[in-house]
Structure formats: structure tokens, C-alpha cells
Amino acid sequence: MSELLSLDDARQTLRQLTVTAIEANRTLSDGLHHPERYPSAEQSAVRNRILEALTKMREGFMLALRMEDLTIASELRDLLTTLVDWTWLGELGLRWNTEMPLEHLGSQVILYQHSLIALGMLPRLPVEAITFPTRTYRDIAPPASPGATLTRLEEIERTIWRSANEPLGALPSGSIRRTYGFFEATTWLAAHHLRGVV
């Protein structure tokens, strides 16, 4: 078996992702019905747990990115600036220690690969699977490049982070819709394609 994860670990990761998506839809739906109400302490705690899973997705993006995925020089420069800024080490008087063993990969790559599938599925989601008021995501194109993917993952993280502290009505409606749709796509994929796995 791979050193990344055992099959049981992968199943557990996908189960937890499904639970996270259901919690996200539930708490965001409540915010949509009460857009001016601040989140309760319980809703904030749920949204912070969701944020932890999203952080792992972004880590998976960083671990899975390949040079041949980048075709635009400016995108490579932007991604390198975002992903590999080690100046803070020197500012803290620290140095890179290469003698430590590398940490084994965990669920990050599975979560990231799933996010790619969910983002690609979003505009194709069957109307009966959509509970967002607009009842369609056809106009939300999947990210077309690694930079666009990172931007979308960061937008979802930012939306969940802000929703833990602010009324949903204070957030950009497009960000809320894309975030809500991402979790609806995740839930639909789990229900229709991961039935025997999760």
C-alpha cells in the first residue's frame, strides 16, 4: 500500500469531507435565510471546523502542483510568491533545517483532488441537487488554470472564515454562491459516486 494513505484512511477522509460538506450547506443555508443575523457561537465553531478542512485542500494543491501544469509565466511567478515566501524565517532569526525527516502526506492530496472534481462538477450539477435560491450554477466555470484553482480555494476559505464572524448578508453574494455550490457539489458527489466508499 502507498505511504500516502491506506484505503481505510482514504475512506475516512472522504467520510469526513462528506460530513463537512453537509455541515457547510446546513450552516450556510441558515445564513441565507437570515442574512443580517450574526452567526451563533455554535455556527462559528462549525464554520471554523470547515475552515480546517479547506486549509488541507489548499495544502493538497501545493503538494500536487506540477510545473507542466503552468503555462503562463506570470502565473508561475504569482504562485511562487504565494506558495514559497520564506523571508519570514530570516526575519525571525531562523534558518531552514534540512536534517528533519519529511512529514508523510496525509489527506491533503485526496481533499485537493476531490475539490478539483467538485469545482468541475459545479456547473453540471443537476437542478434537483441545488438548494441555493438561484437553482443553477451553470454560469460558474471551473477554474481553467492552477492560479484560478488556488484563487477559488482561497475564496471558499475566505468566505467560510468571514461567515464565522459576520452576517452572510455582509459578504459578496457571488462568493457565497460559489462556496455554497462547492459544498452542494461535494455532497452530491458523495451521495451518487462514493456510496460504497463512504
For residues 110-123, which side-chain N or O atoms pair as donor and acceptor with protein atoms under 3.5 Å away, sequence neighbours left out?
residue	atom	partner	partner atom	Å
His114	NE2	Thr186	OG1	3.2
Ser115	OG	Tyr112	O	2.6

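- Side-chain contact between Met57 and Phe182 is present, with heavy atoms from C-beta onward closer than 4.5 Å.
- Separating the NE2 atom in His192 from the OG1 atom in Thr187 is a distance of 11.0 Å, to the nearest 0.5 Å.
- Put simply, the side chain of Pro143 does not reach to within 4.5 Å of the side chain of Thr151, judged on heavy atoms.
- Here the side chain of Thr179 pairs a donor or acceptor atom with the backbone of Ser175 at under 3.5 angstrom.
- Here the side chains of Ile156 and Arg178 are not in contact, with every heavy-atom distance at 4.5 Å or above.
- None of Val19, Asn25, Thr27 except one satisfies the side-chain contact (heavy atoms from CB on, under 4.5 Å) rule with Glu23; the exception is Val19.
- Within the 4.5 Å cutoff, the side chain of Trp188 has no heavy atoms near those of the Ile130 side chain.
- Taking all atoms of both residues into account, the shortest heavy-atom contact from Ser163 to Leu28 is OG-CD2, 4.1 Å.
- Distance alone, capped at 3.5 Å, is enough to place a donor-acceptor pair between the Asn165 side chain and the Trp161 backbone.
- Closest of all the heavy-atom pairs between Pro39 and Arg47 is CB-NH1, 3.6 Å.
- Clustering ILVMFWY residues whenever any of their side-chain heavy atoms sit less than 4.5 angstrom apart, transitively, puts Ile22 in a cluster other than the one holding Ile50.
- Among residue pairs with one or both ends in residues 119-128, none qualify as salt bridge (charged side-chain N to carboxylate O under 4.0 Å, His left out); sequence neighbours excluded.
- Between Ser107 and Lys56 the shortest heavy-atom distance is OG-CD, 3.8 Å.
- Contact of the Tyr137 side chain with the Arg177 side chain is registered, since non-hydrogen atoms from C-beta on lie closer than 4.5 Å.
- Counting only heavy atoms from C-beta outward, the side chains of Leu32 and Leu168 approach each other to under 4.5 Å.
- The ring-ring contact (aromatic ring centres under 6.0 Å, His included) contacts involving residues 9-57 comprise nothing, where partners must be two or more places apart or lie in separate chains.
- A heavy-atom distance below 4.5 Å is not found between the side chains of Gln12 and Asp8.
- In this structure the side chain of Arg49 never reaches within 4.5 angstrom of the side chain of Thr20, judged on heavy atoms.
- The structure places OG1 of Thr159 at 10.5 Å from CG of Leu51, a figure rounded to the nearest 0.5 Å.
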